[in-house]
Each structure stands twice: as C-alpha cells, then as structure tokens.
Amino acid sequence: MEQYDHSKIEKKWQKNWASKKIYRTRDDSAKKKFYVLDMFPYPSGEGLHVGHPKGYIATDIVSRMKRMQGHEVLHPMGFDAFGLPAENYAIKMKTNPADAVKKNVAHFKEQLENIGFDYDWTREVNTTDPEYYKWTQWIFVQLFKRGLAYESFEPINWCPVDKTGLANEDVEDGKCERCGTPVEKKMMRQWILKITDYADRMLKDLDAKNRDDIPHLVDRKNPPLAGKKSVERKTVHALVVNPKNGKILCIKWKKFPWTGFVIGGVEEGEDIVEAARREVLEETGYKNLKFIRVLGGIVKGEYYAAHKGENRVAYSNAIHFELIDDAQAPIGAEEKAKHAPVWLDPKKLNHDNFTCAELDVWMQRLNMSDAELAKIEAAADKPLLDWPESIKELQKNWIGRSEGVNFMCKIKDLGILVEMYNSVPQTYCAETFTVIAPEHPLVAELIKGTKNEKAVLEFVEKIKAKKAANRFDIDKDMEGMFTGRYIENFAGTGRDLPIWIASYVLADYGTGMVNCSAHDERDYAFAKKYDLPLHPVAEKLIKTTEGEDAVRPEAPYVERNAVMCVVKHWSEDKYLCLSTKAVDWKGFVIGGIEGNEGPAAAGVREIVEETGYANPEFVKILGGKLHAQFYHIVKKENRFAHFQPALFKLKNGDRKETSESEKALHDAVWLSSEEVSKFLNREALVIAWNRAHGIEDKPPVKNGILTEPAEFAGREWSEVRSDIIDHLVQKGYATRKVNYKLRPWVFSRQRYWGEPIPIIHCEKCGIVAVPEKDLPVKLPRVKFYEPTGTGESPLAAIEEWVNVKCPQCKGLGKRETNTMPQWAGSCWYYLRYMDPKNKKTFADSKKEHYWAPVDLYVGGAEHATRHLIYARFWHKFLYDIGVVTTIEPFKKLQHVGLIMAEDGRKMSKRWGNVVNPDEIIKNIGADSLRVYEMFIGPFDQQAAWSTNNAIGSRRFIERVWRLQEKVTAAEIIIGGNAAKIEALIHKTIKKVTEDIDAMRFNTAISTMMIAVNELERETTVSKGQYETLLKLLAPFAPHVADEIWQAKLKHKESIHVSAWPVFDAAKLAESTVEIIVQVNGKVRATFESETNAGNTDLEARALAISEIKKWIGDKPVKKVIIVKGRLVNVVI
RNA sequence: GCCCGGGUGGCGUAAUUGGUCAGCCGCGCAGCACUUAAAAUGCUGUUCCGUAAGGAGUGUGGGUUCGAUUCCCACCCCGGGCACCA
C-alpha cells in the first residue's frame, strides 16, 4: 500500500477545492443558513504562530459539518488592519503602513491557506480598503446626524508615547494598553460616541429571553399560502396614545377575533410618519396627532393577504403619536365595514422605551388567552444570547449599572444648588464633609473672592498635572484642600458639610462631587489624614450561622436589649465570666434589660443573680452597642439582641447563694486576660474586649445595624436601603438616579493610520458631515505620517487635503483631521461579509434578512469589554435606524482557550518560544496540526503546546490511512462481530455530531480514536462503515479524508459536499448488559444479563453468585437496591 | 478586596438527572516482537501502598446517601478578569 505522505496530498486538495469552488457561498439558497464567524485577525508583521489558528480550525470544523448536514454556510475571513499596531510597525520598518499591511495580509493569507480552511475568499474584507471604510464612515455620519457622535473639548486620557487620545477601554491600570506608558489627562478637542445611551439596553439584553421564538401574530392567524406569489411591503404600526388617560388607539377587526394597532402600507415616495398619520385618519378618523418618535427597529411579518390573493412579507416600523384632541373625521363605509376604532388600557405597557419588536410582541399578547401566553412564555424561555456566563458577567461589570439617589444640596452663602450622587443612601446621616474633583467647573465659583483663592487654584493645578495612576492610592497619594465653602444643612440633618477639593474624586462619574462619611474606606482615610469629623451611623451585627445557636429560619424573631458585663476582679488582673454547662461555652455575664432599668442597674442585678458575687459596681459604658442574631436554645426563638457592653468592678469577694436554676445553667469562673482572649471565639466579644481596652475598630463597614436616622434605627443595612430611598425622595432631599461606569467612547485618534472622520469644519456652517455621495473620504497617501504630539493628527499638515469646500455653503472649509480608533472597522465587518461587493449600501437588506444574525462567533475572551461591547452598540444603533433586523449581532459566542508555549508562557518573540505552524505543517501535515489543536484539551481552556504530543494525532491519521487495507467491497458485513461494530459506528456518529455542535472537539476525536482502535482488531472493515468514519473525520482532517474518498475510493465529488451521516437509534441498543453487584456499595462481582431483566430476577441472580455469598457470610441482608440495567447493591 | 473558572496518574485529560471495580483517549515510560542495528510499526503493562490477599485514592475537613469526582457546608490552593465608580 502507498505510504501516507501529507506533503503530496495537502497542496493538491487545496488547489482542487479552490478550482472547483466547492466552498462558494450562495445568497439565494433555499437551504437553511448557518453563519459561522471568526474574529478576523489583525495582521502583524510576525505572521501566525500555532496558537492563532485554534479558533479558525474550530469554526472550520463546524462549518464543514453544517455544510454536509445541508446548510448554506457562510464562513468568511478578512483582515482588520487600521490602527496603532500596524502604524507603529510601519514606523519601525520605515515603510508606509499601507504597504506594510498589504505585505502582512498576503503573508497571513498564505499561512491560513496552508491549513486548509474552507473560507470563501471572494468575500474577503479588509477594513483599510476604501470600499470598506466608505461604510464605516457612512455609519459614523448616521451617528452624527442623530447626535450620537459629537465634538467635545474636555480632559481625556492621553498617551504621551503613542501621542494620541485614548478611550477608557484602551487604558489598563492607568497605563496605555498598547505601550504601557502611564496615561495623562489632557484637555483636547475630540470626537465622542454616546455609547452610554445604549448602556441600559446592552445590559438588559445580556439576560433577555429569546424573542425570536415568539411567533408574530400574522404568522399564526393568516399564514402564508403555498403556491401564492410573494410580495414585499413596507408597512407602519401607529401607536396612538391619549395623554389624558394613557389609553391606546387600536382597531377591532369585525371578521377576525383580533384587536391591534392601526397598520397600513407605506405608499411609494411616502414618509413613514406621513403614512402612519394617513392610516390613522383613514381607519379611525382621528386627525390631530402629535408625533413623538419612531420606535427603534423594524418587525418582519409573513402572512397571506386574502383580498389581494398574495403572500406578503412586511417590514414594519412603528410610530408613536399622542392625540391632541378628539376631533374625528368621518370614516369611509368600506373601512367601517372592516373594523372599528377602540381605546385599550395598556396595563403595564411602558411604551416610552419600547423598540418596535417589543411593541409587536405586546400587541400579540393583547389577543392571547392565558394558556396561549403561558405556552409562548415557555417557548421563549431560552436566552437571547447563548454566551458564556463569564463574558456576560464581564460586560455587566464593565457597564457597571448603579442605582442610587441624587441629593439636592445648597451651597452656603452662594445659594448655588448642586446635585450629588450616592449609591449607598443609608449613610446620609453619617455624612460629614463633601469632596469635589479638581477638574470640576464649580471649583472656580466656590473660591471666587475668598482669601484661599490663589492657594486653592495652585493646588488644583498641581493635582491636575499628576498622572492619573498616582492620584488615588489611599495610603500615599490622596491629597486635599478646603475650599472655605459648606453645604448648607445637608438633608435636614442640621449639619453643614465643609467642601474639600480631593485628588481621589472622579470628575466624570456621577456629578464629580460627593458627600462623604465614615462608611467609605477612602473617605475615612481622607478624614483621618485631614482630621475631618466622622459620624458613623451603623454598628456591627453578629449573626451566628454555625453551631447550636445558629439562626434557625423556622423560629420566630424576638428583639431584646441587653447588657454585656465585663467584670474586673477587686484586686487582680482577671475577669469574671460564666461557663455555660449545656453548650460548652464561656462568656461574659449577659442579661436582659427589664422595664425601665438602665444597663448599669441591669448589669449589677444580673451579675449578682448569675455569679453570686454580691457587690458589683458599675464603672462605665463601653463604646456603642453590639448587635447579634442567634438562636436561644432554652426559649426556642431567634434573638435579635442589642448588647450594651459595660465595665463593672467587684468591690470585694463577698458572695451570696445563687438560685438552683442558675446553678444548673452555669458556673462563675475567673479568667485571666490572656485566657479571655483565648475563649473569645465570637466576634462580638472580641469587639467588646477591644472597646474595654480602648482599641479602636477599623473603619466602619458597609453592613450592620443602623443607628440613625431615628425612623430606621435598629434595622439591618441592606434591608433598609429601599425604605431610606423612599424616605429621601418623599422628603424631597433627593431624587432617584441611575449611573453607569461605562464612559462615552473617545472616538478620535491623533494618528495617521485610521479611517478619516468624515466631517468638514466650516466657518459659517459649523460642523458639517461629508455628504454620503462624497464618501469615502480617502486617507491620502503621504510621506510623513509620524504622530506630531501636538494634539493634531499628521493629516493636519496636508493642506491640499485639509482645505475643502463646505458642502452646505460652498465656502471655505477644513476637513476633520482626526482618524477613527482601531476598533471602528471591526464594529460592523460581520455585516459586510453578507454582501461584500455592494456599492450601493453596506449590505443588501434581503441578504441581511437571510444571513443575520451570526449563528456562531468564535474568538478570544480578551475582546469581551471592547470589540464585543462596541460592536453591540453599533449594531443596536443600526437596528434603531431600521437597517438591520436583529437586536443583537451574535447569537452564540464561544471563546477560545489560548495555546501557550511549551514553557507555559505566552508565545512571544520576546521569550523565543514561538512555534510556527508552517514548520509543523511541513513535518506532520496540516491535518495532524488541526487534529492535534482540537485534541489538546477542552476548547475553551488554555493549554500548553507540545510538539511531542502532536505526534499522537499524526499516528491516528496514519492508522485511519492504513485501515484502507482492510476495506472490503461489501457495504455491511454480516456475522461475527457485525452487530457490535455496527453499534459502535452509530455510537460514534452520535457522539461526534453532538460533540461538534457543543464544541467538545477533544472528546469527538477521542471517540473516533476508539472506533479506529476497534476496527483495527477486525480482519475486514466494510466500505460503508469506513466511509462513515471518513465523513466524521472529514471536518477535522479534510485533506486526507478527501484523498482517500476521491483518489482511493473513487468518488467523483468531494467528501466535503457529501451528506453527513445520521445515526440509527435502533442500532445503538445492545441485547445484554453487564450488571455489577455491590456489597455495601463496594463492587464485588459482575454478571451478564438481558437488557430488560426484571428486578426479582436480577436480585436472585446476584445473590446466587458465590463471590457475593462469601462477602455476605452469615450476616442478615438488610436491603437490596436495584438499578435497572446497571447494578444490584446488597446492604448487610 | 470583588466577580468568574478550575484543582483527578509522570503529563494533556475522560466520566456529573449520584450508580458498571474512577482514570476513557493521547503523550511519556517499561518490557516484548520485527530488525545485523536503529527508526518506524505492532503487542503487553503503566494511580498509589502491599510479594499477595487486600487496602487507600478525584485539593483539605465535615455532612447527606445503600452508594459521592458528581449534591450540601466550611476552608486551602491555582488561573483569569475587575479594582477610584463613593
């Protein structure tokens, strides 16, 4: 037999596939689509290392299987090449970035092709191609037109080495993500994208349910009819609200049991808002409508239009109006016959924030019975986003939604009103001072004319000059200065709060000004440093969760006040305590405070009662109260107790008799101060002890029991929060407020290598967008493109490019010279793959309807908080302007675990541990490389490369190759092990198919290896079984599979367009099973049994086994547990 | 500090509605066969202790159960992300 020689076959098949165009994707297919996407690479100068293709191999496998399963597969590839890394590389190599990128892309592409991917290269995109970035710029113009892109002048992060402004996402730990230089704050003219407008929706949709599965009503009541022609229509829903009562104008169809919005077709040349007005007038007669807004997105409906005898595919926008008055025009007879206007109570409909799709869902619900609703809820109980929880969590933290209140405060003597955000409003009575960010515009006003003015201004300048990274360290970097101003009578507490400028306050979160209390670590440290007053309003709660006195949920809660007595000996340094007999417990004398006695009297009484010592004297109250929750064993109740620690002293050793009942409970014992510290195993007592010795607590924590305000005293910190907010809002001290950590996206870079921002500055007209017909604004090719560091991009120096006519007034204008950041192009590339050559639009809407959303998106987890957030933002925006149909771009997301070098470090030129895939392909072949990378471990887990281990994959492929020798012409072999082998093949089909779907490639390969090992033991292998195995292997090792399939087995077409095998459940079942017999849970014997043997039969056979008899001996059998088809367990 | 993920042979790992002696598959290692020899290939073995019978064993300690890698509680360790967001 011919030897397996990868070098002969791999190139051959790569050429063959390309020439036969077997991976060409069609847009007009009747097949079900599957869109599988890789995060496209950023082509660096260094080329690929073996880690890069891991994700690409995975998507290649999935795409090949899906194609064989009969899907129309879109599996494209392209290059993201604008931005700093490419530009810095070009500067280093002293070439033009455009040339460097061209070279790098060619190199990447060649390396990728060597691995044998099934990309349709006719759909390649490159973000630096003017035909591509024309549409990146077009989207920017749309953002600009809707006020989501704006110019601003404010302090932003600036990298002094890369000489450009940076987005919040580009800063890691106060340093530039690219070069590690600490960033500075710099006042700059810049472009901002208002990503924050989408914060809430991006957060909400992470946990949203899958609305795609809610059928549109039109689908259900009037489904499309087969054989009728299909017509596309643009339609509108009108949401007309009566502002007086909130009711919504709908129409009731007379022939159908159906109530819904006014819906109508949009006529040629008609605006959607006009169309909606016209339809409302025609169908209901209401003529005076106030336009509110166009709801985001469009809804697709497919139905049969009976009156026209055609199937309709309708794309509908929704328009929100308010009724101005009741004036009604007469309704035509024809309309009257069809339906009548009705006003519906919207119940809980909050239409202010609705998207079109949500409105559509709500409308359908109007007409559903409860049973129908429940059914649909269940169907939609799948998440909208099938993403790893960890990535969702990362995004949630990044967006950082925080619900709190804005306090309204008045500045004393100036009368200025300011707002201050607080997400922990429980502390409002604790607040003792206010801090303000040095950058805050109010600073100047506060100090104007005061004697401190000059000193404060100097201080502000000093802090501003500090690097961002050095302003916030609690231990050393915090600095502040008093402004001389106060907040007046804050929130009715009667306190004026001094206003300080503090280095640690964030100017761009909340309002840049914060009220401070002892309950925040930084504020506490600041107060200590500058000797500011503190006023804690919460005390610690000790909740016993372990042992006999652990809180028991079933027991009632009882509130008690008590005294905790620290009783000193009359002459020695020892302390009087109790040893409790029932629970092996030693502790201070504790007793309830009765009626109107105080802690001093109660303490004296309890000490006498419980210890017999006759003359205790009250010395002093120690610190504040302690709060505890525990279970009172004797009274069988949960105690919510407030202890007042107090110091007592015995005058002398005189004793009285204690009562019998007290004696039974505990003894009085003396403990040395050391011993006391030893048995103080409950935090409460430690604190009491510390207070008795004047040791101060750490800064108060954010939990415990509130002591102020009086209305909420004694309640638990977390539980009281919402009531406090209600209280503050009611009293008018504050309003509810939500804040986000997500910042506006700083979108301009003062660099050459990026998409020019398509804006023209005109002296007369101001900021004008480049008209869409003039796009793209091409990046000019230049000799000098190094960053200037002046805050202007190198483009600013090219006069012939900068000077341009204003598109509005034709006067003198200047181009915007900043460029877009690296992340811009990747925000929408997945849409361009759907229709990469389109010159009229970024993607044809029919193609978008067919391909969207991306079914599977594979890439590194490091993109969770940048690319994936940015892309979701742009996608939602495109949805809102009605140009895409899904609310999320990526349905399923899978992240790739990194491949590390053999030394366990990241592969990098710096460590000299890079493994080049070209090398591996030369030695063992692309197929072996592919199989190895998938076999290395769980796909999403990091793994270390081992060239040695890769040999195992090569051996596996060789074994498959040699199996050819055993293949007989027969499709199926009869007799011998035939049934067993057939079952094995079907098991393998099932497992491999399921594993590829779940991206468990390592176990899929393992399963195939087991199958090959089994087949090797047979003398002959049937052709049918061998071909099945080859098909399963084909996505993993496409070259060798096709070589055997076409060259050896003489098939005329590629294995990659053959049909994927389907397993037969009937063939999986085996007639006998091995039953294990356990004695007391330990396996002692096994026996063969028919699959469906009954329990009594199994028991009898198990007990008859001599080995089992031996283990049972003469002990009585207590119980026999039988698991059908599995085991018999004898309990003795 | 906070949020995820994980801890199983010499190594990468497999097995979870709790149930076939835990360790599939692969690497490595050892022995054997083939060979003058080597490579390649094939076969056998390979968690630990013990000559064996047998026992122990999935980070540690406890719990639930006839039975726990799988469930519960506490803790330890490793990896990743966030850490100024009041």
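Here is the naming used below: chain letters follow the sequence lines, and residue numbers restart at 1 for every chain.
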Participant: Grab the CG-C1' distance between A:Asn157 and B:C84 for me, whole Å please.
Facilitator: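 Spelled out: CG on A:Asn157 to C1' on B:C84 is 13 Å.
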Participant: B:G9: syn or anti, with syn meaning chi within 90° of zero?
Facilitator: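 The base of B:G9 is oriented syn (glycosidic angle within 90° of 0).
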Participant: Would you please confirm or rule out a distance under 4.0 Å between OP1 or OP2 of B:U41 and any side-chain N or O of A:Arg955?
Facilitator: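 Yes.
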Participant: Tell me which nucleotide among B:C3, B:A86, B:G26 gets nearest to the side chain of A:Leu506.
Facilitator: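 The answer is B:A86.
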Participant: Think A:Ser423 has a side-chain N or O under 4.0 angstrom from the OP1 or OP2 of B:A86?
Facilitator: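 So the side-chain polar atoms of A:Ser423 do come within 4.0 Å of the phosphate oxygens OP1 or OP2 of B:A86, strictly under.
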Participant: Quantified in whole Å, what is the P atom distance between nucleotide B:A53 and nucleotide B:C48?
Facilitator: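 16 Å, rounded to whole Å.
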Participant: OP1 or OP2 of B:G1 less than 4.0 angstrom from a side-chain nitrogen or oxygen of A:Arg522, does that happen here?
Facilitator: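 For B:G1, OP1/OP2 do not have a side-chain N/O of A:Arg522 under 4.0 Å.
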Participant: Does B:A40 have its OP1 or OP2 closer than 4.0 Å to a side-chain nitrogen or oxygen of A:Gln3?
Facilitator: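 For B:A40, OP1/OP2 do not have a side-chain N/O of A:Gln3 under 4.0 Å.
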Participant: Can you measure A:Tyr740 atom OH to B:C82 atom C1' for me and round it to whole angstrom units?
Facilitator: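 My rounded result for the distance is 19 Å.
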Participant: For A:Glu862, report the nucleic acid contact type (base, sugar-phosphate, nothing); a contact means any heavy atom under 4.0 Å.
Facilitator: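 It contacts nothing in the nucleic acid.
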Participant: Which is more 5' along RNA chain B, the nucleotide nearest A:Ile1121 or the one nearest A:Glu431? Just name the residue.
Facilitator: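 That would be A:Ile1121.
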Participant: Measure from the side-chain heavy atoms of A:Arg962 and tell me the nearest of B:G67, B:A86, B:G42.
Facilitator: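 Given the options B:G67, B:A86, B:G42, the side chain of A:Arg962 is closest to B:G42.
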Participant: On the nucleotide B:A14, are OP1 or OP2 found under 4.0 Å from the side-chain N or O atoms that A:Asn1002 carries?
Facilitator: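 Yes, because at least one side-chain N or O of A:Asn1002 sits under 4.0 Å from OP1 or OP2 of B:A14.
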Participant: According to the interplanar angle, ranging from 0 to 90°, do the rings of A:Phe1001 and A:Phe1036 count as parallel (below 30°), tilted (30 to 60°) or perpendicular (above 60°)?
Facilitator: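 Perpendicular.
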Participant: Please find the pair of heavy atoms, one from A:Pro438 and one from A:Ile463, that lie closest to each other, and give the distance.
Facilitator: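 Looking at all heavy atoms of both residues, the closest pair is CG-CG2, 3.5 Å.
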Participant: May I ask you to say what A:Arg959 touches in the nucleic acid, namely base, sugar-phosphate or nothing, with a heavy-atom cut-off under 4.0 Å?
Facilitator: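 Result for A:Arg959 = sugar-phosphate.
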Participant: On a whole-Å scale, what distance lies between the C1' atoms belonging to B:U70 and B:U16?
Facilitator: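 About 4 Å, rounded to a whole number of Å.
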Participant: Answer with base, sugar-phosphate or nothing: what part of the nucleic acid does A:Pro388 contact at a heavy-atom distance below 4.0 Å?
Facilitator: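 Nothing, no nucleic acid heavy atom in range.
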Participant: Aromatic rings A:Trp945 and A:Tyr932: how do their planes relate, parallel, tilted or perpendicular, breaks at 30° and 60°?
Facilitator: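 Perpendicular, since the angle between the ring planes exceeds 60°.
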Participant: Flag the pair A:Val1012 / A:Phe956 as yes when at least one side-chain heavy-atom distance between them is below 4.5 Å, and no otherwise.
Facilitator: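 Result yes, sub-4.5 Å side-chain heavy-atom pair found.
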Participant: Using the P atom as the reference point in each nucleotide, state the distance between B:U64 and B:U20 in Å, no decimals.
Facilitator: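 Pairwise P distance, B:U64 against B:U20, rounds to 23 Å.
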Participant: Which nucleotide in the list B:A86, B:U13, B:C85 gets nearest to the side chain of A:Gln941?
Facilitator: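 Looking only at side-chain atoms, A:Gln941 lies closest to B:U13.
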Participant: How would you label the contact of A:Ile1010 with the nucleic acid (heavy atoms, under 4.0 Å): base, sugar-phosphate, or nothing?
Facilitator: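 Result for A:Ile1010 = sugar-phosphate.
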Participant: As a quick check of understanding, evaluate ring-ring contact (aromatic ring centres under 6.0 Å, His included) for A:Phe433 and A:Trp500, giving each step before the final call.
Facilitator: CA-CA 8 Å; A:Phe433 60 102; A:Trp500 282 63; 7.7 Å; no
Participant: Taking the P atom in each of B:C43 and B:G26, what is the distance between them to the nearest angstrom?
Facilitator: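 Per the computed distance, 10 Å lies between those P atoms.
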Participant: Below 4.0 angstrom from OP1 or OP2 of B:G28, is there any side-chain N or O of A:Asn948?
Facilitator: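 Checking B:G28 against A:Asn948, a side-chain N or O does come within under 4.0 Å of OP1 or OP2.
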Participant: Without decimals, in angstroms, what is the distance between A:Asn406 CG and B:A86 C1'?
Facilitator: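 In whole Å, B:A86 C1' lies 13 Å from A:Asn406 CG.
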Participant: Would you indicate which nucleotide in B:C82, B:C25, B:A86 comes nearest to any side-chain atom of A:Asn1013?
Facilitator: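 Selected nucleotide (nearest to the side chain): B:C25.
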Participant: Look through every strand shown and name the nucleotide pairing with B:A30 as Watson-Crick or G-U wobble, where both distances are under 3.5 Å.
Facilitator: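 The answer is B:U44, by the H-bond criterion.
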Participant: Under 4.0 Å: is that the gap between some side-chain N or O of A:Ser402 and OP1 or OP2 of B:A86?
Facilitator: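 The answer is yes; a side-chain N or O of A:Ser402 sits under 4.0 Å from OP1 or OP2.
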Participant: If the C1' atom of B:C34 is compared with that of B:A40, how far apart are they to the nearest Å?
Facilitator: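 Approximately 11 Å lies between the C1' atom of B:C34 and that of B:A40.
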Participant: Rounded to whole Å, how long is the line connecting atom NZ of A:Lys392 with atom P of B:G5?
Facilitator: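 Those two atoms, NZ and P, are 13 Å apart.
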Participant: In whole Å, what separates the C1' atom of B:G9 from that of B:C29?
Facilitator: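 One C1' to the other, the span is 13 Å.
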Participant: Nearest of B:C66, B:A86, B:C85 to any side-chain atom of A:Asn422?
Facilitator: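 Closest of the options to the side chain of A:Asn422: B:A86.
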Participant: Rounded to whole angstrom, note down the C1' distance from B:C72 over to B:G18.
Facilitator: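 Roughly 13 Å separates the two C1' atoms.
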Participant: Grab the CG-P distance between A:Asn397 and B:C85 for me, whole Å please.
Facilitator: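 After rounding, the reported distance stands at 12 Å.
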Participant: Report yes if some heavy atom in the side chain of A:Glu393 is under 4.5 Å from a heavy atom in the side chain of A:Trp387; otherwise report no.
Facilitator: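 Contact flag for A:Glu393/A:Trp387 side chains = no.
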Participant: Got A:Asn515 and A:Cys409 here, is their nearest side-chain heavy-atom distance under 4.5 Å?
Facilitator: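 Side-chain contact under 4.5 Å: yes.
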Participant: In whole angstrom, give the distance that lies between atom CG of A:Leu1032 and atom P of B:C25.
Facilitator: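 About 19 Å, once rounded to whole Å.
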Participant: Who does B:A52 pair with, Watson-Crick or G-U, both distances under 3.5 Å?
Facilitator: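 No nucleotide pairs with B:A52.
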Participant: For B:A83, give the paired nucleotide (Watson-Crick: N1-N3 plus N6-O4 or O6-N4; G-U: N1-O2 and O6-N3; both under 3.5 Å), or none.
Facilitator: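 In the structure as shown, B:A83 has no Watson-Crick or wobble partner.
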Participant: Decide whether a cation-pi geometry holds between A:Lys54 and A:Phe939; the criteria are a distance under 6.0 Å from NZ or CZ to the six-membered ring centre and an angle within 45° of the ring axis.
Facilitator: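 Judged by the rule, A:Lys54 and A:Phe939 form a cation-pi pair.
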Participant: Between the base of B:C27 and the side chain of A:Asn949, is there a donor-acceptor distance below 3.5 Å?
Facilitator: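 For A:Asn949, whose side chain was compared with the base of B:C27, there is no donor-acceptor pair (under 3.5 Å).
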Participant: Using purine N1 to pyrimidine N3 plus N6-O4 or O6-N4 for Watson-Crick, or N1-O2 and O6-N3 for G-U wobble, each under 3.5 Å, what pairs with B:G5?
Facilitator: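 Pairing partner: B:C78.
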Participant: Please give, in whole Å, the distance from B:U13 P to A:Asp940 CG?
Facilitator: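 After rounding, the gap between these two atoms is 11 Å.
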Participant: Taking the inter-plane angle between the rings of A:His867 and A:His863 on a 0 to 90° scale, is it parallel (under 30°), tilted (30 to 60°) or perpendicular (over 60°)?
Facilitator: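 Perpendicular, since the angle between the ring planes exceeds 60°.
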Participant: When both hydrogen-bonding distances must be under 3.5 Å and the geometry is Watson-Crick or G-U wobble, what is B:C21 paired with, if anything?
Facilitator: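 Base-paired to nothing in any strand shown.
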Participant: A:Glu389 or A:Val435: which one's nearest nucleotide on RNA chain B is closer to the 5' end?
Facilitator: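 This one resolves to A:Glu389.
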Participant: Is A:Tyr509 close enough to B:A86 that one of its side-chain N or O atoms is under 4.0 Å from OP1 or OP2 there?
Facilitator: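 Yes, within the criterion.
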Participant: Rounded to whole angstrom, note down the P distance from B:A74 over to B:C4.
Facilitator: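 Straight-line distance between the two P atoms is 15 Å.
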Participant: Rounded to the nearest Å, what distance is computed from the CG atom of residue A:Leu1033 to the C1' atom of nucleotide B:C25?
Facilitator: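 Atom-to-atom, A:Leu1033 to B:C25, this comes out as 15 Å.
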